[in-house]
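I have placed the structure first, in the form of structure tokens, so that the comments after it can refer back to it.
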Amino acid sequence: MNDTLPPVVPYIGRFAPSPTGPLHFGSLVSALASFLDAKANQGRWLVRLEDIDPPRTQPGADKKILCALEAHGLHWNDEVLYQSSNLPAYRHIIDTLISDNQAYYCDCSRQMLKNYPVYPGFCVSNDKLTSENAAIRVRVKDEDLVFEDEIQGRQSQQLRKDIGDFVIFRKDGLVAYQLAVAVDDSRQRITKVVRGSDLLDSTFRQVYLQKLLQLNTPGYAHIPVIIGTDGKKLSKQNYAKPLDPKNTSNNLYLALKALKLEPSRDLINAPPSELVQWGVVHWDIGKIPRKLGIEVHLP
Ligand code: GLU
């Protein structure tokens with residue numbers, strides 16, 4: 001036996017919807033891609049509900065999303081994690097960053113920043129501000145951040161030049177998405193994040209935070225987002241239709257095709273469990289095109 005082999009890290013994937021509305025076709029494709037990649041790699045697949053933005057949360061959307069996942073044969077492992085149950089942990093991390101001088105308060109208004117694509121650092125040495133009515137920004141270092149995306153290839157960004165010190169705690173008292181995701185992907189020991197390419201740009205901030213906090217960084221694969229016939233990304237914001245629960249087989253059939261798999265026509269009416277299992281067996285991430293959007297004509 002060769003005892004010099006590195007230990008095999010078990011695959012853990014995840015789907016992390018925000019409960020801002022019911023599941024639509026674009027989010028089904030993301031959920032399916034992350035599920036198929038996890039299961040084709042004998043992995044576990046977790047669901048995390050990113051419910052830390054109450055003004056955007058739609059009451060009952062969490063349950064609707066979970067029911068829709070189950071109806072489409074996408075069954076998760078473990079208990080669903082609600083980010084709202086982690087608020088004290090995020091707050092503790094933010095306080096530590098402040099006391100280590102890695103983050104600072106900022107009370108710049110949107111109006112003040114509207115002509116600056118990159119945060120110009122107005123509050124960087126303003127030590128009169130406190131948590132009352134101020135956001136918190138993390139200081140970014142002057143270095144290149146590089147990661148390898150399994151679909152989109154090598155990605156590189158200079159955070160200081162491209163983004164600047166970014167918000168980890170919002171002025172309205174809410175934890176910023178970037179921090180919560182970076183912390184939870186690590187706490188849940190996620191080894192691979194498969195999600196839509198609309199989040200590619202956020203990945204730099206998440207990887208930066210993971211490094212700063214000495215947390216694990218997962219691998220990433222960003223699938224092209226689904227673009228409707230109007231040329232726009234399907235999203236809750238442009239009122240993409242909720243999935244029809246009576247049409248689960250057809251939804252899955254179209255989602256498999258959007259992921260460049262080629263299910264035969266006789267699978268159109270197969271039960272969801274069979275379509276999903278077919279997807280696991282035929283999943284090939286190498287077939288996903290290296291582009292940010294794919295147009296799908298939905299019925
Ligand atoms: N909660 C985010 C959304 O629904 C996705 C987060 C992620 O996959 O990292 O857009």
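Both ligands and their constituent atoms are indexed starting at 1 by order of listing. Atoms considered below: every heavy atom in the structure, side chains included; atoms not considered: hydrogens, waters and symmetry mates. These figures come from a predicted structure and were not determined experimentally.
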Options Ser18, Ser27, Ser34, ranked by nearest heavy atom to atom 4 (O) of ligand 1, top entry
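Selected option, by shortest heavy-atom distance: Ser18.
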Stepwise, does the side chain to side chain contact (heavy atoms under 4.5 Å, CB included) test hold for Arg187 with Asn86?
CA-CA 11 Å; Arg187 279 164 61 116; Asn86 271 351; 3.2 Å; yes
Which one holds for His222 and ligand 1: side chain close, backbone close, both close, or neither close, with close meaning a heavy atom under 4.0 Å?
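Under 4.0 Å from ligand 1, His222 contributes no heavy atoms.
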If we set the cut-off at 4.0 Å for heavy atoms, which region of Val193 has an atom near ligand 1: side chain, backbone, both, or neither?
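Under 4.0 Å from ligand 1, Val193 contributes no heavy atoms.
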Do any nitrogen or oxygen atoms of Ala16 lie less than 3.5 angstrom from nitrogen or oxygen atoms of ligand 1?
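Between Ala16 and ligand 1 (N or O atoms, distance only) the closest approach is under 3.5 Å.
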Using distance alone, decide if ligand 1 has a nitrogen or oxygen within less than 3.5 Å of any nitrogen or oxygen in Glu50.
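The answer is yes, given that Glu50 and ligand 1 share an N or O pair closer than 3.5 Å.
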For Arg14, is the nearest heavy atom under 4.0 Å from an atom of ligand 1?
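It does, in that a heavy atom of Arg14 comes within the 4.0 Å cut-off of ligand 1.
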I'd like to know if Tyr177 contacts ligand 1, where contact means a heavy-atom distance under 4.0 Å to any ligand atom.
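True for this residue.
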Begin from the C-alpha positions of Leu74 and Val47 and carry the test side chain to side chain contact (heavy atoms under 4.5 Å, CB included) through to its verdict.
CA-CA 10 Å; Leu74 301 175; Val47 172; over 6 Å; no
Checking the side chain of Asn216 only, and the main-chain atoms of Ser186 only, is there a donor and an acceptor separated by less than 3.5 Å?
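Looks like no, no N/O pair under 3.5 Å.
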More than 12 non-hydrogen atoms from neighbouring residues, nucleotides or ligands closer than 6.0 Å to OH on Tyr116, yes or no?
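Counting other residues, nucleotides and ligands, OH of Tyr116 stays at 12 neighbours or fewer.
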Plane angle bin for His222 and Tyr220 - parallel if under 30°, tilted between 30 and 60°, otherwise perpendicular
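Rings of Tyr220 and His222: parallel, as their planes differ by under 30°.
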Over-ring placement of Arg91 relative to Phe169, 6.0 Å and 45° cut-offs
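Yes, a cation-pi geometry.
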Contacting atoms of ligand 1, where contact means under 4.0 angstrom from a heavy atom of Pro17:
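Numbered from 1, ligand 1 contributes 1 (N), 4 (O).
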